[in-house]
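Please read the structure below before turning to the comments.
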Amino acid sequence: MSKDKLTIIPPDKPLTGRAVPPGSKSITNRALLLAGLAKGTSRLTGALKSDDTRYMADALRAMGVIIEEPDDTSFVVTGSGKLLPPQVPLFLGNAGTATRFLTAAAALVDGTVVVDGDQHMRKRPIGPLVDALRSLGIDASTETGCPPVTVKGTGRFEASRIQIDGGLSSQYVSALLMMAAGGDRAVTIELLGEDIGALGYIDLTTAAMRAFGAKVEKTSAVTWRVEPTGYAAADFVVEPDASAATYLWAAEVLTSGKIDLGVANGAFTQPDAKAYDLIAQFPHLPAVIDGSQMQDAVPTLAVLAAFNETPVRFVGIANLRVKECDRIRAVSTGLTQIRPGLAHEEGDDLIVQSDPSLAGQRLPAKIDTFADHRIAMSFALAGLKIAGITILDPDCVGKTFPAYWRTLAGLGVTYADES
Ligand SMILES: O=C(O)C1=C[C@@H](OP(=O)(O)O)[C@@H](O)[C@H](O)C1
Ligand SMILES: C=C(OP(=O)(O)O)C(=O)O
């Protein structure tokens with residue numbers, strides 16, 4: 001049943017039991033695209049079914065790919081080796097991966113593709129990716145620097161080197177890498193600028209590309225060369241989502257519980273798995289946490305930090321301002337609502353003051369989630385320790401973890417009856 005708010009009742013005992021995170025959003029959306037670009041039938045298992053992957057799958061269907069869903073965690077994808085121009089604009093909600101990856105993949109389509117999203121996606125920058133496509137001679141345009149983007153593809157490139165600044169989003173780089181294998185010549189992709197969002201996402205991309213038969217080589221710390229091999233259909237197992245795992249790891253340490261995720265923390269290849277070592281240090285988190293290589297875990301870590309023994313400053317997180325919402329602002333606003341002074345911003349740093357005595361108090365707060373799944377899921381952690389925490393728009397978790405509230409319930413969490 002859909003609700004407009006959910007109040008969490010702090011459990012009176014440690015959270016225990018088995019709770020397996022859903023399949024990785026990042027890997028599912030890479031595998032869907034690569035399988036869709038391949039000729040033949042690919043079977044993806046362990047996959048995520050959520051808003052973000054539905055947008056990707058439906059967009060591929062609109063471009064002629066046949067996608068069957070035999071069960072809750074599998075996609076069977078049959079491609080012809082070529083995406084067809086869709087009849088209507090591709091609507092991708094607020095799925096950054098689907099939007100960025102398909103914008104570049106549209107260059108491989110013979111015809112016009114319009115890539116669009118919801119009002120949040122229409123504020124998330126895509127200009128650097130559009131400029132990079134244009135530098136290859138592809139007719140790509142955006143009026144605002146954000147979606148909608150119109151791409152008139154041919155499958156042919158006029159250059160063999162692309163430079164891209166991945167400072168705002170590593171997804172631009174991943175998008176170009178995946179596109180490049182489908183072109184008519186070998187392409188070298190070079191990073192400009194010092195910063196890039198978590199480099200680990202590029203490793204996820206190249207690993208998925210290789211699994212679908214691509215030849216991609218890292219030729220320096222900032223360049224990759226991709227051969228024009230196209231993709232081959234493959235059977236592919238998606239690992240559980242490491243960002244989703246961070247909520248379960250944090251719930252475990254906050255309640256001194258024992259949660260079996262069904263996957264060893266060392267078994268993840270996704271960047272956010274790095275957060276495990278930090279979470280395990282609770283309530284002695286370090287004074288400074290560099291979130292640049294585990295960005296999606298920062299809201300989890302920041303809410304956890306509120307219960308830490310000592311304050312924590314989060315650095316390297318400037319691009320959290322252009323995620324589903326401005327996450328630096330959303331986290332600092334939510335924590336301040338719980339207790340004035342609990343968090344503040346300094347430039348693009350987030351400082352969480354920390355107060356272990358918050359646990360056990362009743363501090364009613366209605367947390368605005370700004371339609372952002374990670375704000376909802378991380379503030380639920382505060383509700384495990386503080387009475388009166390209400391999450392507004394709780395269904396926004398459907399972006400990446402539709403079973404989140406049920407999963408917590410399965411571990412012993414209860415909710416106030418607000419019906
Ligand atoms: O490549 C990916 O799968 C992702 C990259 C990151 O985004 P940016 O590259 O935009 O920082 C991350 O925040 C997002 O959830 C998933
Ligand atoms: C930033 C995120 O998503 P995306 O960029 O894929 O929309 C996220 O899932 O935290």
Side-chain angles (χ1 to χ4, degrees), residues 21-34 48 50-56 92-104 117-118 120-126 128-129 146-147 164-178 191 195-209 238-239 241-247 268-275 291-301 316-328 330-331 369-378 396-402 404:
S24 157
K25 168 201 77 174
S26 293
I27 300 177
T28 302
N29 270 357
R30 284 165 171 74
L32 278 171
L33 173 63
L34 300 178
L48 173 67
S50 74
D51 293 346
D52 278 16
T53 64
R54 194 170 319 110
Y55 285 126
M56 175 62 101
L92 301 165
N94 195 8
T97 49
T99 304
R100 277 68 176 262
F101 299 170
L102 287 167
T103 295
D118 66 14
H120 307 289
M121 195 70 233
R122 283 180 166 203
K123 291 194 188 123
R124 298 179 66 185
I126 200 161
L129 177 56
C146 300
I164 176 82
D165 186 336
L168 282 175
S169 174
S170 72
Q171 292 173 4
Y172 308 151
V173 187
S174 290
L176 293 168
L177 283 163
M178 288 189 281
L191 285 185
D195 301 324
I196 174 167
L199 267 168
Y201 284 110
I202 308 300
D203 297 334
L204 279 190
T205 302
T206 52
M209 288 170 65
V238 178
E239 69 185 40
D241 194 286
S243 316
T246 65
Y247 309 108
F268 291 95
T269 62
Q270 300 150 73
D272 276 4
K274 291 190 196 72
S292 62
Q293 299 304 310
M294 51 179 104
Q295 302 160 5
D296 293 354
V298 168
T300 316
L301 290 164
I317 57 171
N319 93 352
L320 263 69
R321 294 208 187 272
V322 291
K323 301 284 184 184
E324 282 82 328
C325 72
D326 175 345
R327 287 186 175 156
I328 300 176
V331 171
T369 50
F370 303 94
D372 185 337
H373 55 144
R374 302 215 183 279
I375 302 304
M377 293 191 279
S378 51
C396 67
V397 301
K399 186 174 193 283
T400 56
F401 196 163
Y404 185 65

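Note that ligands are numbered from 1 as they come in the structure, with each ligand's atoms numbered from 1 the same way.
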Distance under 4.0 Å to a non-hydrogen atom of [X]: what atoms of ligand 1 satisfy this?
X: T97; value: 2 (C), 3 (O)
X: Q295; value: 11 (O), 13 (O)
X: K323; value: 6 (C), 7 (O), 8 (P), 10 (O), 11 (O), 12 (C), 13 (O)
X: S170; value: 5 (C), 8 (P), 9 (O)

Measure from the side-chain N and O atoms of [X] to the backbone N and O of [Y], and report whether any donor-acceptor pair falls under 3.5 Å.
X: Q293; Y: L199; answer: yes
X: T205; Y: Y201; answer: yes
X: T28; Y: L48; answer: yes

*List for me each residue that meets side chain to side chain donor-acceptor pair (under 3.5 Å) alongside S378, sequence neighbours excluded, and say none if there are none.*
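By the side chain to side chain donor-acceptor pair (under 3.5 Å) rule, S378 matches no residue at all.
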*Can you list the residues that meet the side chain to side chain donor-acceptor pair (under 3.5 Å) rule with T53, with sequence neighbours excluded?*
none
*Return yes if a side-chain donor-acceptor contact under 3.5 Å exists between E239 and T269, otherwise no.*
yes
*Do H373 and E324 get their side chains close enough for a donor-acceptor pair, meaning under 3.5 Å?*
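There is such a pair (donor and acceptor under 3.5 Å, judged by atom type) between the side chains of H373 and E324.
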Give yes or no for whether the N/O distance cutoff of 3.5 Å, strictly under, is met between [X] and ligand 1.
X: R30; result: yes
X: S169; result: yes
X: N319; result: yes
X: K25; result: yes

*Can you tell which of T400, I202, I27, D296 gets a heavy atom nearest to atom 14 (C) of ligand 1?*
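Residue with the shortest heavy-atom distance to the ligand atom: D296.
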*Distance, nearest 0.5 Å, that separates OG of S50 from NZ of K399*: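 Answer rounded to 0.5 Å: 8.0 Å.
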*For D372, what residues pass the salt bridge (charged side-chain N to carboxylate O under 4.0 Å, His left out) criterion, not counting sequence neighbours?*
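By the salt bridge (charged side-chain N to carboxylate O under 4.0 Å, His left out) rule, D372 matches R327.
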Enumerate the pairs of nitrogen or oxygen atoms, one from ligand 2 and one from the protein, separated by less than 3.5 angstrom; state names and distance to 0.1 Å.
from: ligand 2; atom 1: 3 (O); to: K25; atom 2: NZ; distance (Å): 2.9
from: ligand 2; atom 1: 3 (O); to: E324; atom 2: OE2; distance (Å): 2.9
from: ligand 2; atom 1: 3 (O); to: K399; atom 2: NZ; distance (Å): 3.3
from: ligand 2; atom 1: 5 (O); to: R124; atom 2: NH2; distance (Å): 2.7
from: ligand 2; atom 1: 5 (O); to: Q171; atom 2: NE2; distance (Å): 3.0
from: ligand 2; atom 1: 6 (O); to: K25; atom 2: NZ; distance (Å): 2.8
from: ligand 2; atom 1: 6 (O); to: T97; atom 2: N; distance (Å): 3.3
from: ligand 2; atom 1: 6 (O); to: Q171; atom 2: NE2; distance (Å): 3.4
from: ligand 2; atom 1: 7 (O); to: N94; atom 2: O; distance (Å): 3.3
from: ligand 2; atom 1: 7 (O); to: G96; atom 2: N; distance (Å): 2.7
from: ligand 2; atom 1: 7 (O); to: R124; atom 2: NH1; distance (Å): 2.9
from: ligand 2; atom 1: 7 (O); to: K399; atom 2: NZ; distance (Å): 2.8
from: ligand 2; atom 1: 9 (O); to: K25; atom 2: NZ; distance (Å): 2.7
from: ligand 2; atom 1: 9 (O); to: E324; atom 2: OE2; distance (Å): 3.3
from: ligand 2; atom 1: 9 (O); to: H373; atom 2: NE2; distance (Å): 3.3
from: ligand 2; atom 1: 9 (O); to: R374; atom 2: NE; distance (Å): 3.4
from: ligand 2; atom 1: 9 (O); to: R374; atom 2: NH2; distance (Å): 3.0
from: ligand 2; atom 1: 10 (O); to: D296; atom 2: OD1; distance (Å): 3.3
from: ligand 2; atom 1: 10 (O); to: D296; atom 2: OD2; distance (Å): 3.2
from: ligand 2; atom 1: 10 (O); to: R327; atom 2: NH1; distance (Å): 2.9
from: ligand 2; atom 1: 10 (O); to: R327; atom 2: NH2; distance (Å): 2.9
from: ligand 2; atom 1: 10 (O); to: R374; atom 2: NE; distance (Å): 2.5

_Using a strict threshold of under 4.0 Å (side-chain N to carboxylate O), is an ion pair present between D326 and R321?_
yes
